[in-house]
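Working notes for the structure below.
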There are 2 protein chains.
Amino acid sequence: MKKQTITIYDVAREAGVSMATVSRVVNGNPNVKPATRKKVMEVIDKLDYRPNAVARGLASKKTTTVGVIIPDVTNVYFSSLARGIDDVATMYKYNIILANSDGNAQKEVQVLNTLLAKQVDGIIFMGNNLTPELREQINRSRTPVVLAGSVDPENELESVHIDYVAAVKEAVSDLIRRGNERVAFVSGPLSDAINGQYRLEGYKQALKENDLVFDVDLVFETDSNYRAGEMLAPALQAMSASAAYVSDDELAAGVLNGAKDAGVKIPEEFEVVTSNNSKLTEIVRPQMSSITQPLYDIGAVAMRFLTKMMNDEEVEQRTIELPYGFIKRSSTK
Amino acid sequence: MKKQTITIYDVAREAGVSMATVSRVVNGNPNVKPATRKKVMEVIDKLDYRPNAVARGLASKKTTTVGVIIPDVTNVYFSSLARGIDDVATMYKYNIILANSDGNAQKEVQVLNTLLAKQVDGIIFMGNNLTPELREQINRSRTPVVLAGSVDPENELESVHIDYVAAVKEAVSDLIRRGNERVAFVSGPLSDAINGQYRLEGYKQALKENDLVFDVDLVFETDSNYRAGEMLAPALQAMSASAAYVSDDELAAGVLNGAKDAGVKIPEEFEVVTSNNSKLTEIVRPQMSSITQPLYDIGAVAMRFLTKMMNDEEVEQRTIELPYGFIKRSSTK
DNA sequence: CTGTTAGCGCTTTCAT
DNA sequence: ATGAAAGCGCTAACAG
């Protein structure tokens, strides 16, 4: 498979200059006489020359590509972040290598390593379970990493996210104040810091603030998908929960449809509040009330943050908190 | 930003062999005495050596990365394909550079060029509007390209997809046979071959086969998103359509919800059939009947196909057609 | 089975 | 403002 053949050398010869000069014009170095620049440009055009990024990467030790580790592109929450990442990456002339990890620690380490082998200039990590091994690999490499849409409980890594504790606390308090004394906490794996440490904490704080006692039977840990939510309906009823805070939209859609299909009236008999305000919230009936967070922006800001780090610019804080909000729809009274 | 420092040379010295030998063990070349291989492995481990993929790429002219041009990762249809692609890419030790194009011809050309500059070994293209310029760029490069989830009307490029004409024809015929004489054809841009040439053709064939005459007023061209579908409800009623075939699930969810919210009984008064059988079909109420197609597999097969091309293996046909199906849910009688 | 030697295509001092 | 030359880290003949 023969690939591109014409090199900087061909251009140089054809233009009657040295390759150094060609390199200069290609890289926008000002130290080139306009006339020669013009000449070189013409030849480049004529020969349809396209600089070999690999050679460039080897010589300059910069690949202008960043790695993006994502649990699953198929999940809108993550793909929204990814879209924000890609857009600003493009804006800054970077490309992204996208790798799915399924949130699996072993795959994450593996992927991280191949990304480093490919000499990416930086990495954006979406995941919520920073194992010690992963941390070590990250630290050993001198490659900048920023977390998007998740938090580092150890506060070692830079990250951008919202204040999950406060957001959930607010959402749950709202539910309680409206008379719900048994609010369920439905989430994906509690081993993920975002669920087990932040969201759950917000839930507990809301309880405490409203003089309610924490009942572990109201905590439902499951997979973050539609089916899992649907199947949760009976259990929720069994614990006589009258409302639920759910950590994921797809999961919430399942909870809602599961309850509804079982004849439960929503929101009269059961209220549900979800977390990501994705399109899904408007597609189900009744439409779901939700915490709102700027997913696209989280990705975009994370990438912007990374460009600064890659550029060795000083960054003020290692953590960027974006604002969250709340939108009332029909799944709550 | 200092990156990894230890090179193949360090390993060679430390192990008391030549770099060629180290290269051999790294690449699994059998021509190495087990003892030396072992020794080298140990040193690699001890030094935590990780081959520089960029240097490798330059020397071998293979980057083990493929470019993936996608309209929008945020759309489940495409992200499902992407997931299939990434999984088999990983399986064959490739990484993917993911780039969003928004289906915009200009961006597509631009992205294609940067991908080629990065020396990707192959490209998977998702898009339905192969402009002449794009074709030319593709042809000029000697890089293999395969289309995933779309068809090349000119039949110049390799591709994997389902038989859109037959699938739509079947779905629409079904609608007609059940008594619907005014079936709407609702789709995204007709300029996309998949819609304007294939799906529409299937629709027309179904009409003809059932002795119905094609009425252009029943063709609704719009954006492929939820909101667009929702807003279509009045128009659909105005044309007194009693059923609709919709080219996209999100769009279909909008059509369905829009009609329902306007008081139309589904499926009694209005039936809808959609195209991709994504999760969405089960999340809306009533759940939607849909053409089924193996999205993940289309991506996976496309990537597998590409590995063969990159490997200069003979490929039987330039087009792979995967089977489609039909699932009856509650949005049709 | 192992070592030597050229590059791969480009960036980057260092001279001039 | 421009050129010469030395690599970047690795693969791939070619010897031996």
Side-chain angles (χ1 to χ4, degrees), chain A residues 1-41 43-44 47-65 114 116-121 141, chain B residues 1-41 43-44 47-65 93 114 116-121:
Chain A
M1 184 96 294
K2 227 180 50 214
K3 292 193 179 167
Q4 151 184 331
T5 337
I6 60 151
T7 75
I8 198 175
Y9 184 73
D10 300 318
V11 177
R13 189 163 25 71
E14 183 76 13
V17 297
S18 72
M19 34 185 293
T21 298
V22 177
S23 176
R24 288 194 187 93
V25 350
V26 166
N27 292 293
N29 184 317
N31 287 32
V32 181
K33 194 163 36 170
T36 47
R37 173 184 308 279
K38 179 157 175 294
K39 174 63 183 163
V40 172
M41 295 286 248
V43 176
I44 286 181
L47 264 45
D48 193 34
Y49 166 69
R50 186 191 292 128
N52 179 323
V54 174
R56 243 215 273 234
L58 183 57
S60 69
K61 296 180 167 309
K62 284 176 182 311
T63 53
T64 64
T65 111
T114 103
L116 292 175
K118 296 230 166 159
Q119 314 299 118
V120 294
D121 296 335
S141 85
Chain B
M1 184 98 295
K2 234 192 28 229
K3 292 193 181 170
Q4 150 185 330
T5 340
I6 59 152
T7 75
I8 199 176
Y9 184 73
D10 300 319
V11 177
R13 189 162 27 71
E14 183 76 13
V17 299
S18 73
M19 35 186 293
T21 298
V22 177
S23 177
R24 289 194 184 92
V25 351
V26 166
N27 292 295
N29 184 316
N31 287 32
V32 181
K33 192 162 40 168
T36 43
R37 173 184 306 279
K38 181 156 174 293
K39 174 63 182 165
V40 172
M41 295 284 248
V43 176
I44 286 181
L47 264 43
D48 193 34
Y49 166 70
R50 185 190 293 127
N52 180 323
V54 174
R56 245 215 273 233
L58 183 56
S60 68
K61 295 180 168 310
K62 282 175 182 311
T63 53
T64 63
T65 109
K93 312 284 188 201
T114 101
L116 292 175
K118 295 230 166 159
Q119 314 298 119
V120 295
D121 297 334

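Proteins get letters first, then strands, A, B, ... in listed order; numbering begins at 1 in each. From a predicted model like this one, the values you see are computed outputs, not experimental measurements.
Separating the CD atom of B/Gln119 from the C1' atom of C/dG9 is a distance of 9 Å, rounded to the nearest angstrom. Atom CG in A/Leu47 sits roughly 14 Å away from atom P in C/dG9 (whole-Å rounding). Counting to the nearest Å, the P atom of C/dG9 and the CG atom of A/Asp10 are 9 Å from each other. Atom CD1 of B/Ile44 and atom C1' of D/dC10 are 13 Å apart (whole Å). Separating the CG atom of B/Asn52 from the P atom of C/dC8 is a distance of 18 Å, rounded to the nearest angstrom. Atom OH in B/Tyr9 sits about 13 Å away from atom P in C/dG3, given to the nearest Å. One can place NZ of B/Lys62 at 13 Å from C1' of D/dA12, the figure rounded to the nearest angstrom. The interatomic distance linking B/Arg13 (CZ) with C/dT4 (P) rounds to 14 Å, in whole Å.
Not counting sequence neighbours, the partners of B/Arg37 by the side-chain contact (heavy atoms from CB on, under 4.5 Å) test are B/Val25, B/Val32, B/Met41. For A/Ser60, the side-chain contact (heavy atoms from CB on, under 4.5 Å) partners are A/Lys62, not counting sequence neighbours. In this structure, the side-chain hydrogen bond (donor to acceptor under 3.5 Å, both in side chains) partners of B/Asn27, at least two apart in sequence or on a different chain, are B/Ser23, B/Arg56. Residues passing the side-chain hydrogen bond (donor to acceptor under 3.5 Å, both in side chains) test with A/Thr64, sequence neighbours excluded: B/Lys118. Not counting sequence neighbours, the partners of B/Ala15 by the side-chain contact (heavy atoms from CB on, under 4.5 Å) test are B/Val17, B/Lys39, B/Val40, B/Val43. Partners of B/Lys38 according to the salt bridge (Lys or Arg N to Asp or Glu O under 4.0 Å) rule, which considers only residues two or more places apart in sequence or in another chain, are B/Glu42.
Contacts of A/Val17 with the nucleic acid, taken as non-hydrogen atoms under 4.0 Å apart, involve only primed sugar atoms and P, OP1 or OP2.
Interatomic distance, CD1 of A/Ile6 versus CG of A/Asn52, reported as 11.0 Å (0.5 Å rounding). Rounding to the nearest 0.5 Å gives a distance of 10.5 Å between OG1 of A/Thr5 and CG of A/Leu47.
The listed nucleotides are D/dA4, D/dC8, C/dG9; the one nearest the side chain of A/Ser18 is D/dA4.
Identified under the salt bridge (charged side-chain N to carboxylate O under 4.0 Å, His left out) test for residues 9-29 of chain A, with sequence neighbours left out: A/Asp10-A/Arg13, A/Glu14-A/Lys46.
Residues from residues 28-37 of chain B that place a heavy atom under 4.0 Å from any atom of DNA chain C, listed by number: B/Asn31, B/Val32, B/Lys33, B/Thr36.
Between the axis at the start and the axis at the end of the helix from C/dC1-D/dG16 to C/dT16-D/dA1 there is an angle of 30°, using five pairs per end and rounding to 10 degrees.
Residue B/Gly57 comes nearest to A/Val54 through the heavy atom pair C-CG1, 3.9 Å, listed as atom of the first residue, atom of the second, then distance. In plain terms, the two heavy atoms of B/Val26 and B/Tyr49 that are nearest each other are CG2-CE2, 4.1 Å.
Phosphate proximity of D/dA12 to B/Lys61: absent, as no side-chain N or O sits under 4.0 Å from OP1 or OP2.
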Are there any protein N/O atoms within less than 3.5 Å of an N/O atom in nucleotides 11-15 of chain C, and if so, which ones and at what distance?
{"unit_1": "C/dT11", "atom_1": "OP1", "unit_2": "A/Asn27", "atom_2": "OD1", "d": "3.4"}
{"unit_1": "C/dT11", "atom_1": "OP1", "unit_2": "A/Asn27", "atom_2": "ND2", "d": "3.3"}
{"unit_1": "C/dT11", "atom_1": "OP1", "unit_2": "A/Arg56", "atom_2": "NH1", "d": "3.0"}
{"unit_1": "C/dT11", "atom_1": "OP2", "unit_2": "A/Ser23", "atom_2": "OG", "d": "2.7"}

